[in-house]
Amino acid sequence: MNVQQQSFARRGFLRGALAAAVLVPMAGSIASCAGGGGGGTTGPTGTVSDTNPFGMADKSTVDAVIFKGGYGIDYVDFAGKGFENAHSGSTAKISPSTDIAQELQPRFVGGNPPDLIDNSGAKAIGFSTILAQLEDLTSVVNAKNLEGKVIKDTLYGGVLAPGTFEGKLAALNYVLTVYAMWYSDALLKDNGWSVPKTWDEMYALGEQAKAKGKYLFVWGKEAATYYQEMAISSAIKEGGHDVRLGLENLKADCWSHPALQSVFTALNKIVKAGHFKPGGSGTQFTAAQAQWSNAQEAVFYPSGSWIENEMKDQTKSGFKMTGAPVPSVTTSSKLPYASLHSAAGEPFVVPSQGKNVPGGKELLRVMLSKDAATNFAKTKLAPTIVKDTVPSDGFGSTALVSQTKLLSDAGDNIYTWNFIDLYGTNKDQLVVWNTFLDGKSDVATLTSDLQKITDKVRNDSSVKKIEVK
Amino acid sequence: MTSVKAKTLRIDGGASAAVVPDTAPPVYKRRRKPLTFDKVSFFVVFLGLPLAIYLLFVIWPFIQAFGYSLTDWSGFSPDQNFIGLENYRKLFTDDIFMKAMGNNILLVICLPIITIILSLVLATLVTVGGSSKGQIKGLRNSSFYRVVSFFPYTIPAIAIGIMWGQIYDPSGGLLNGILTSLGMDQFKSYAWLGDKNTAMIATMFVIVWGFIGFYMVLFVAGIKGIPAELFEAARIDGAGRFRTAVSITIPLIRDNIQTAYIYMGILALDAFVYMAALNSGGGPDNSTLVMSQQLFFTAFTKGQFGLASAMGVVLAVATLIFSGLVFLVNRLTGGDKDVSL
């Protein structure tokens with residue numbers, strides 16, 4: 001019996017301990033919340049002047065977290081040095097991150113976010129979730145840069161649009177990205193081909209390329225939506241801003257717009273004719289891109305201007321990478337052929353709860369100086385939103401020269417859209433596009449599947465919608 | 001009290017059960033030994049500390065996740081509103097999440113069975129599958145096979161995923177290269193991971209490939225624990241290799257198989273690394289999407305932590321149900337009263 005009693009006592013003790021341990025925290029768990037951060041703190045302020053337009057305190061520290069992707073972080077380090085020179089005694093602490101959302105989520109919740117963030121990369125924080133916690137950066141673009149010019153006047157047109165949400169300039173996108181159809185100028189010249197301006201010409205070129213054993217396009221499974229970008233861009237050109245606004249505002253039947261339908265139909269014809277290299281839905285996107293830039297199995301590749309830097313090591317010598325506008329459907333499209341999808345990327349944001357909000361803005365001001373912007377263009381072979389930093393030889397890059405040309409040809413006809421990044425739907429759309437480019441679906445299925453994704457966001461009351469005008 | 005008694009009575013055995021009266025007899029209290037420093041420090045280090053760590057890092061986050069799953073928390077702001085079970089309703093009406101759950105169920109059924117059968121066959125071959133004359137032993141050079149088949153397990157999962165991603169590559173991949181060189185031209189640029197008919201099978205193959213060696217070694221250890229006399233006796237009675245495996249080996253390493261089944265099943269319910277490496281987007285028509293991937297996208301790209309927490313809770317409950325089912329099946333098929341050595 002002793003044994004029995006003892007065993008009961010021990011079990012009882014353990015059971016009791018466990019139960020207590022489980023129950024005690026449970027009582028508090030529902031009531032407790034992860035939040036904690038109080039109201040925004042702006043930190044001690046210094047005197048406001050032209051050299052210190054945001055009133056940053058003397059000898060303060062700025063904490064910046066920068067996405068470390070294709071552009072690295074050394075360009076911010078460069079600006080950080082300029083910042084420290086301009087404000088002796090202050091320090092700029094610049095940390096890299098490849099996973100902005102996961103790394104900064106606890107800091108946002110804890111009310112302790114960095115003073116400046118480059119919210120970029122595949123794991124960027126969805127804007128609609130943090131919009132309310134960001135500073136309006138209008139004061140930055142209204143300030144004078146280090147050379148004494150008002151920053152607003154030194155920027156390309158339309159570059160503030162992608163960072164403006166419901167009238168608030170929440171993000172300053174630093175790098176200017178041109179979306180285009182990229183090709184090897186050398187390859188086209190060798191074959192006596194010219195860049196097709198309509199989808200019919202594109203199809204005809206496909207037939208010629210086939211004779212030479214080449215495809216028109218390649219794609220990779222993680223980047224199938226580059227063709228969605230191409231299709232939307234071409235449709236906006238054809239049907240005007242109606243197309244864009246329908247998509248941006250998640251309208252019912254927005255994917256059935258006649259302009260989009262005609263582009264889908266043209267693409268489908270090209271897919272069905274076998275001008276896409278088969279197997280893309282199982283190919284890693286960088287491998288697919290190398291099939292275009294190195295093996296030259298395909299003639300064109302739609303992408304952003306980061307493509308040159310991304311494929312630098314895997315581009316055939318003498319390739320002469322050049323960008324062209326995407327084809328339009330007809331020659332009588334609403335917007336001219338030269339219209340362009342271009343958007344400023346690498347969104348820099350200043351959280352309102354940061355410890356040194358004026359410091360975050362000040363570092364951003366230094367980045368927008370001519371000196372820092374030229375440094376970026378020179379080392380990254382990509383233009384920033386600051387004008388006139390790229391010389392006519394494009395630092396020796398044909399792609400950079402063609403970007404400048406595309407931008408000046410387009411003039412005011414530059415457009416962009418945000419709905420995919422805003423609502424994080426790219427992953428769902430990838431699935432649909434992979435199937436379409438594989439030739440396993442048709443225009444009707446593509447349209448209804450894309451519409452389903454849009455409808456799901458629209459009908460989800462927990463997702464904050466942002467109206468675009 | 002009664003349940004405790006019933007349990008303890010069984011320990012005593014049937015005979016003594018009859019003589020225990022219903023009213024408890026006077027208890028001989030053992031003198032409580034004083035709590036010495038040794039005793040207390042022992043409790044603290046071996047009981048208190050692990051319990052505290054377990055509560056802090058396992059139980060507490062789980063409870064927190066459940067709390068969040070009842071809110072519409074975005075993950076980046078302190079605001080969260082209590083919305084009851086709305087997230088769960090949303091999950092079970094969401095076609096993509098249900099598809100992911102279906103894929104997990106498919107994995108949890110297929111993966112353990114395939115892996116265990118194959119590794120059992122291999123384990124049997126290298127331990128008792130050798131010559132039917134003389135001493136019981138495995139195939140010739142079996143120690144070599146044992147080492148070789150353990151190799152894949154030593155490669156990190158992510159490396160396995162990336163490597164097989166290359167092998168399956170439609171254009172330059174090894175697999176299509178071999179198939180086309182054998183004259184099967186239909187496999188020229190065939191996308192194994194891009195076709196919804198083959199994506200899941202190809203992915204399962206990779207996982208099985210990665211784990212077969214490990215479970216083989218586990219089973220080899222189990223089989224080595226069985227006295228050779230049993231196999232010899234069976235052989236003298238005229239049992240063939242198959243009969244020996246089914247009637248002797250499998251019943252005697254039943255516990256190992258059950259453990260393997262649960263481990264492999266839990267892996268199948270997660271499977272995040274393999275899926276993310278082979279088809280980061282969820283595969284063609286979401287045919288390889290699993291719940292853990294969908295959880296990740298929902299939390300970090302869509303900023304819906306409340307909903308993602310609900311997915312986490314569903315995943316955890318599914319894991320518990322799975323383990324429970326395995327134990328139940330084992331018990332129903334007589335696992336608890338089975339022979340042991």
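Computed over heavy atoms, backbone and side chain alike; hydrogens, waters and symmetry mates excluded. Here is the naming used below: chain letters follow the sequence lines, and residue numbers restart at 1 for every chain.
- Closest non-hydrogen pair, A/Lys440 versus B/Gly194, comes out as NZ-O, 4.4 Å.
- Side-chain contact check for A/Thr283 versus B/Pro170: some heavy-atom pair is nearer than 4.5 Å.
- When heavy atoms are compared at a cutoff of 4.5 Å, B/Ser280 approaches chain A solely by way of its side chain, counted from C-beta outward.
- In this structure, the separation between OG on A/Ser461 and NZ on B/Lys90 is 6.0 Å, given to the nearest 0.5 Å.
- Between chain A and the residues B/Asn81, B/Leu278, B/Asn286, B/Asp285, the most heavy-atom pairs under 4.5 angstrom are made by B/Asn286.
- Between the side chain of A/Gln105 and the main chain of B/Gly75, a donor-acceptor pair closer than 3.5 Å is present.
- Of the residues considered (A/Leu104, A/Asp421, A/Val431), A/Val431 shows the highest number of contacts with chain B, using heavy-atom pairs under 4.5 Å.
- Remark: B/Lys99 NZ is packed, more than 12 non-hydrogen atoms of other residues, nucleotides or ligands lying under 6.0 Å away.
- For the pair B/Gln293 and A/Lys427, the minimum side-chain heavy-atom distance is 4.5 Å or more.
- Salt-bridge formation is detected for the pair A/Lys456/B/Asp94: a Lys NZ or Arg NE/NH1/NH2 atom is positioned less than 4.0 Å from an Asp or Glu carboxylate oxygen.
- Residue contact with chain B, scored on non-hydrogen atoms closer than 4.5 Å, involves the backbone of A/Ala124 exclusively.
- When heavy atoms are compared at a cutoff of 4.5 Å, B/Phe296 approaches chain A solely by way of its side chain, counted from C-beta outward.
- With a threshold of 4.5 angstrom between heavy atoms, B/Glu86 does not approach chain A through any atom at all.
- Between chain A and the residues B/Tyr190, B/Tyr168, B/Phe305, the most heavy-atom pairs under 4.5 angstrom are made by B/Phe305.
- Contacts between A/Asn434 and chain B at a heavy-atom distance below 4.5 Å are absent for every atom of the residue.
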Can you check side chain to side chain donor-acceptor pair (under 3.5 Å) on B/Ser171 and A/Lys277, steps first, answer last? CA-CA 9 Å; B/Ser171 308; A/Lys277 183 172 162 51; 3.2 Å; yes

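- Between B/Phe76 and A/Ile125, the closest side-chain pair of non-hydrogen atoms falls below 4.5 Å.
- Note that CD of A/Gln284 and CG of B/Asp169 are 8.5 Å apart. Values are rounded to the nearest 0.5 Å.
- B/Lys302 pairs in a side-chain hydrogen bond (donor to acceptor under 3.5 Å, both in side chains) with only one of the listed residues (A/Thr425, A/Asp460, A/Thr129, A/Asp428), which is A/Asp428.
- More than 12 heavy atoms of other residues, nucleotides or ligands sit less than 6.0 Å from atom NZ of A/Lys168.
- Contact check for B/Pro284 versus A/Ser281: no side-chain heavy atoms found under the 4.5 Å cut-off.
- No more than 12 heavy-atom neighbours from other residues, nucleotides or ligands sit within 6.0 angstrom of NZ on B/Lys188.
- Between B/Asp72 and A/Lys464 there is no salt bridge, since no side-chain nitrogen of the basic residue lies less than 4.0 Å from a carboxylate oxygen of the acidic one.
- Within the 4.5 angstrom heavy-atom criterion, only side-chain atoms of A/Gln133, from C-beta onward, approach chain B.
- Only the side chain of A/Gln291 comes within contact range of chain B, with at least one heavy atom under 4.5 Å from a heavy atom of that chain.
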